[in-house]
Amino acid sequence: MGESRDRLSRVSSAFRDKFGEDPHFVVRAPGRVNLIGEHIDYHGYPVLPMAISQDIVMAVTVPHDAAQGLRLCNVQSDRYRDFTSSLAEFNFNHMSKPQWHHYVLCGLKGVQEQLPVGKQLRGMRIMVDGSVPPNAGLSSSSALVCCAALAAMKANGLDIPADVLATICAKAEHYIGTEGGGMDQAISFLAQAGKAKLIEFDPLRSSDVVLPEDVVFVVANSCVELNKAATNHFNTRVAEGRIAVQILAHIHNLDWRTIKKASQLQKQLHLSLGPLLHLVDKTFKPEPYSRADVCASLGISEEELQTHCLSASTQNLQTFELLKRIRHVFSETDRVKVFKETCEIGKGADGKHECAKRLGVLMQDSHISCRDDYECSHPDLDDLVSVMQRSGAYGARLTGAGWGGCAVAIVPKQTAEAFLKKVEEDYFAKQPQRAAKLPEALFITSPSDGAGLIS
Ligand code: GLA
């Protein structure tokens, strides 16, 4: 509570210093940690994140003069430069490496698209203060998009329900170029303090997941940064999964051109995850597929490969890992299901320790699948996960997109302090640049509230 008051007064006073007036309102949107269910939201499958207390806060005024456009500033002005723009058009097409203000523009554009044709967003002065570490897998970018959308909604007197706004933001973030799913935006809007959520898609909905009382979740940053929008790893995985799904659909005489997500395929095949995993192992060779292999498997030409299977950013891919990627998607989906069921059984049971142990094993298996099948880990992140495991966690895994960033561990509450100390010694103290990132890089987290107006 004290901390959020400090943030509020910090952003408000930075606003006053910059613009010489008080903000009309202040909004916030949190980052998240995903407990389990990695890289399956864009296949339409449920995921299980919780919001963290680290967030993006925006203090805003809406000038009367509509011609004022957008003036965007950040409390950390040395790192995040001021940005000024007209609101008549949003320019995204020059991005080799997206900058911070592009994420704000995504949120604004998402809301702009809800206005009647010809109507334009009102101008805004915005001061931003963020506490979500960037490029750490804790969804700092989506928090920025969601906070900006919320600010634009308030500034324009709109009343968009949280789930609708989350979907708008998920779609709008694609302007950055990364073809993410909707997890980050959904949890940022739908989170509630004290609750982890099962987020389901098509249509978007959320339900509470009661976590065991005698554990805490610890987040640790590997200190390897990866800006997922600056590489093609993410979109490559999306394309590989889509192609695997389309080949399976083709083999089963389904209209494969209309099927883009594993969940759509599963519905049409009427199969549960076990038989699907079996089918995957039977269908795909372990070696990478060439473009010619994919064309032959689908009975299509190169041109059709480009239009039906590949997105703008994956047109030039030459090889595709299909077996490993789609095996991860189905096995991870199964782990989410079992995780949720284990939490439900664990609620009233005496065997709380057993429940936590089972959740730990699922998280550990999830990490192995991300590392070996989805290949979205990093040697330092693997090392961090092993350190967490050895330091007394029931289980640990990478969280978020991966290729660096954070790990999350489930740890007995009673031994949490000893755990933190051991991880500090065995991972952070080993390298001065890691040690310099403490204490922000290692913390116990509990589910925080979703996005909203704070003043
Ligand atoms: C990013 C995306 C999410 C999700 C995760 C991986 O955070 O924005 O939609 O795909 O990666 O689980």
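Each ligand, and each atom within it, is numbered from 1 in the order the structure gives.
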S.K.: Rounded to the nearest 0.5 Å, what separates atom OH in Y374 from atom NE2 in H233?
M.R.: 13.0 Å
S.K.: Is there a polar contact, in the sense of an N or O pair closer than 3.5 Å, between N34 and ligand 1?
M.R.: no
S.K.: Within a distance under 4.0 Å of any heavy atom of G181, pick out the atoms of ligand 1 and give their elements.
M.R.: 9 (O)
S.K.: Which of the atoms in ligand 1, numbered in the order shown and given with their element, are less than 4.0 Å from a heavy-atom of E38?
M.R.: 6 (C), 12 (O)
S.K.: Heavy atoms only, cut-off 4.0 Å: how does R32 contact ligand 1, side chain, backbone, both, or neither?
M.R.: side chain
S.K.: Can you sort out which atoms of ligand 1 are near M183, meaning under 4.0 Å from one of its heavy atoms?
M.R.: 4 (C), 5 (C), 12 (O)
S.K.: So, S290 versus D293: side-chain donor-acceptor pair below 3.5 Å or not?
M.R.: yes
S.K.: Which ligand 1 atoms does D41 reach within 4.0 Å, using its non-hydrogen atoms?
M.R.: 3 (C), 4 (C), 9 (O), 10 (O)
S.K.: Flag G180 as yes when one of its N or O atoms lies below 3.5 Å from any N or O atom of ligand 1, and as no otherwise.
M.R.: no
S.K.: Taking atom types as modelled and ignoring hydrogens, do the side chains of R397 and S366 form a donor-acceptor contact shorter than 3.5 angstrom?
M.R.: yes
S.K.: After noting the C-alpha distance and the side-chain angles of R335 and D365, does the key distance pass the salt bridge (charged side-chain N to carboxylate O under 4.0 Å, His left out) rule?
M.R.: CA-CA 8 Å; R335 282 184 285 275; D365 289 347; 5.6 Å; no
S.K.: Does Y42, backbone or side chain, put an N or O under 3.5 Å from an N or O of ligand 1?
M.R.: no
S.K.: Is it the case that H367 and D382 place a side-chain donor and acceptor less than 3.5 Å from each other?
M.R.: yes
S.K.: Among V238, I40, D184, which one puts a heavy atom closest to atom 7 (O) of ligand 1?
M.R.: D184
S.K.: Are side-chain N/O atoms of K197 and Q192 paired as donor and acceptor at under 3.5 Å?
M.R.: yes
